[in-house]
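Have a look at the structure below, then the notes.
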Protein chains: 2
Amino acid sequence: MTDKLYKQVYQILKSRIQEGIYGIGTYLPSENELCKMHGITRTTARRALDELQKEGFIVREHGKGSRVKERRQTLGLLTVKGFSEAVRENVRTVFLQRPTLRAWPESFAFSPDKKERSRYSIYFERLRGVGDFPVMLECNWFASPGFEELLQIEFLEGSFFKTLSKKYQLEITGSEQELRALQADEKVAHLLKIGQGAPVLNISIRFITSRTNFHIYSCLHCNTEKYPIGNIYHRL
Amino acid sequence: MTDKLYKQVYQILKSRIQEGIYGIGTYLPSENELCKMHGITRTTARRALDELQKEGFIVREHGKGSRVKERRQTLGLLTVKGFSEAVRENVRTVFLQRPTLRAWPESFAFSPDKKERSRYSIYFERLRGVGDFPVMLECNWFASPGFEELLQIEFLEGSFFKTLSKKYQLEITGSEQELRALQADEKVAHLLKIGQGAPVLNISIRFITSRTNFHIYSCLHCNTEKYPIGNIYHRL
DNA sequence: TAGTGGTCTAGACCACGGT
DNA sequence: CCGTGGTCTAGACCACTAG
């Protein structure tokens with residue numbers, strides 16, 4: 001509780017918005033009310049609201065109040081976040097292939113370097129969706145040495161990145177990506193339950209990690225009809 | 001003149017950074033010094049510095065000062081760069097529609113807010129390619145007030161963003177994006193010289209700028225067959 | 001220890017929206 | 001008119017950096 005006051009107030013408001021206590025389109029307590037409620041000054045109350053605004057939870061309306069905004073339901077995926085962190089609600093994941101040793105694929109949007117190629121790769125493949133609606137087919141490769149344990153265990157909370165972070169202190173520090181629009185081939189069409197030849201968004205990613213020369217390669221095929229892939233940047 | 005104090009101080013500091021008076025790596029005057037220099041309080045000085053930080057001109061270093069940063073430009077197309085900066089070589093651009101007043105379109109991936117909608121928009125449309133190969137159809141909208149001059153003049157070095165920066169001191173500070181794979185309609189197919197129904201990558205962007213409540217809306221249709229859209233992030 | 005940025009208080013006046 | 005958010009003042013105490 002030695003945390004910053006404005007962060008505390010921010011957290012409280014954010015939770016109440018997410019729980020629907022402050023519904024979409026309604027107004028938050030005014031700045032002066034927040035002051036009385038939490039025993040703080042307007043400067044601090046405003047700072048909490050500034051944060052909420054920056055993250056897209058509210059809009060400030062001069063002379064009226066702070067209104068709760070509808071947050072777009074998109075997949076904020078393209079930076080370094082994994083799917084489960086990006087979507088949060090109602091994510092369903094099915095393993096089509098649990099982690100297994102496999103040779104590297106021949107062609108690749110990004111070429112693994114020699115050292116990586118000289119080792120076997122671990123491969124896994126998942127179908128991910130929102131509820132029953134399949135959204136993306138995800139294929140992943142990475143060099144195996146040191147990660148053999150992953151062939152056995154479950155991912156923590158279903159998150160590959162979270163597992164790497166907690167088990168191996170390995171953090172994602174960046175990524176390179178290539179985006180394409182392709183026609184669904186037979187396999188993709190079947191798994192995403194769309195017509196063969198339907199347009200799918202293909203994202204090839206090379207994740208850069210805190211371990212030098214260790215990368216994770218992902219290839220995503222997304223049905224964007226219902227859930228476009230979303231992305232927000234601020235502050236350069 | 002009667003403008004907000006923090007904006008004035010911000011402008012002064014920004015100009016001096018851009019002119020090199022405060023060089024990269026050096027420290028700005030401390031907050032207390034700025035107070036004395038401009039006869040303001042620390043709150044106001046800090047607000048000016050907040051803006052500079054948000055736009056990537058400085059970093060604050062606790063216990064040391066506000067250091068002038070080298071502005072990053074390596075974020076690839078999907079963040080804040082325009083096409084011409086991202087591709088560099090052999091870019092051809094053809095105006096299909098020079099900047100012109102036009103009503104806002106009805107449907108939009110991102111909704112302009114009320115104030116923006118209440119004004120007319122300036123619209124322009126370009127076909128961009130590498131050499132003779134058309135790559136992307138680019139449609140752009142933004143609220144008109146104050147930018148009427150753009151209806152007349154040429155863009156500096158063919159870059160819209162560069163023109164906004166130099167003519168209006170307007171910086172791009174972020175963006176929201178939505179990515180979709182679509183089938184080319186008749187117009188897009190014709191312009192990109194691909195078959196009708198061929199998959200195209202659709203990128204809807206809302207650029208956030210240093211002018212509050214002023215956004216630029218872009219809608220891109222890309223043929224990714226030969227040139228996929230690339231993207232690099234580091235250091236998140 | 002002196003100076004810096006980070007957080008916070010307790011006020012003030014203004015511009016805007018709705019009554 | 002009153003209540004709202006937007007700007008600003010004049011202080012305070014803290015945490016961090018460096019000599």
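Numbered from 1 within each chain, the chains take letters A, B, ... in sequence-line order.
Looking at heavy-atom distances under 4.0 Å, A:Leu49 makes no contact with the nucleic acid at all. Among the heavy atoms of the strands lying under 4.0 Å from A:Arg46 is at least one base atom, whether or not backbone atoms are also near.
In this structure, the ring of B:Phe95 has its center less than 6.0 angstrom from the ring center of B:Phe155. When ring centroids are compared, B:Phe214 and B:Tyr168 stay outside the 6.0 Å threshold. Remark: aromatic rings of A:Phe207 and A:Phe160 are distant, center separation not under 6.0 Å. A ring-centre distance under 6.0 Å is not found for A:Tyr217 and A:Trp141.
At whole-Å resolution of the value, CG in A:Asn32 and P in C:dA12 are 13 Å apart. With rounding to whole Å, A:Arg47 atom CZ is found 16 Å from D:dT7 atom C1'. The separation between A:Asp50 atom CG and C:dT7 atom P is 12 Å, rounded to whole Å. Taking atom NZ of residue A:Lys7 and atom P of nucleotide C:dG6, one finds them 14 Å apart after rounding to whole Å. At whole-Å resolution of the value, CD in A:Glu31 and P in C:dA10 are 17 Å apart. Remark: C1' of D:dT7 and CD of B:Gln8 are 12 Å apart, rounded to the nearest angstrom. Straight-line distance from the NZ atom of A:Lys4 to the P atom of C:dG5: 17 Å, rounded to whole Å. A straight line from CG of A:Leu52 to P of D:dG5 spans 13 Å, rounded to a whole angstrom.
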Give me, pair by pair, the N or O atoms of the protein and of nucleotides 16-19 of chain D that are less than 3.5 Å apart, along with how far apart they are.
| unit_1 | atom_1 | unit_2 | atom_2 | d |
| --- | --- | --- | --- | --- |
| D:dA18 | OP1 | B:Lys64 | NZ | 3.3 |

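Candidate nucleotides D:dT4, C:dC8, C:dG5 were compared by shortest atom distance to the side chain of A:Glu33, and D:dT4 ranks first.
Defined by atom type and a distance below 3.5 Å, a donor-acceptor pair is missing between the side-chain atoms of B:Arg102 and B:Ser121.
The distance from atom OG of B:Ser66 to atom CD1 of B:Ile17, rounded to the nearest 0.5 Å, is 9.0 Å. A:Ile21 contributes atom CD1, which lies 12.0 Å from atom CG of A:Leu28 (distance to the nearest 0.5 angstrom).
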| said: Walk me through whether B:Lys187 and B:Glu125 qualify under salt bridge (Lys or Arg N to Asp or Glu O under 4.0 Å). | reply: CA-CA 13 Å; B:Lys187 176 184 173 184; B:Glu125 188 178 304; 3.2 Å; yes
| So A:Glu178 and A:Arg206, salt bridge (Lys or Arg N to Asp or Glu O under 4.0 Å) or not? Walk me through it. | CA-CA 9 Å; A:Glu178 282 189 12; A:Arg206 167 199 180 99; over 6 Å; no
| task | Given side-chain contact (heavy atoms from CB on, under 4.5 Å), test B:Phe124 with B:Thr100 step by step and report yes or no. | result | CA-CA 7 Å; B:Phe124 67 97; B:Thr100 177; over 6 Å; no
| side-chain hydrogen bond (donor to acceptor under 3.5 Å, both in side chains) between A:Ser144 and A:Arg119, worked out | CA-CA 7 Å; A:Ser144 55; A:Arg119 318 287 190 151; over 6 Å; no
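B:Tyr6 has no side-chain polar atom (N or O) that falls below the 4.0 Å cut-off from OP1 or OP2 of D:dC8.
In the region residues 38-45 of chain B, proximity to DNA chain C at under 4.0 angstrom, judged on heavy atoms, holds for B:Arg42.
Remark: DNA chain D takes part in the stems C:1-18 with D:1-18, each of 3 or more antiparallel Watson-Crick or G-U pairs, criterion distances under 3.5 Å.
In this structure, A:Lys69 forms no cation-pi arrangement with A:Phe57, as its terminal cationic atom is not both closer than 6.0 Å to the ring centre and no more than 45° off the ring axis.
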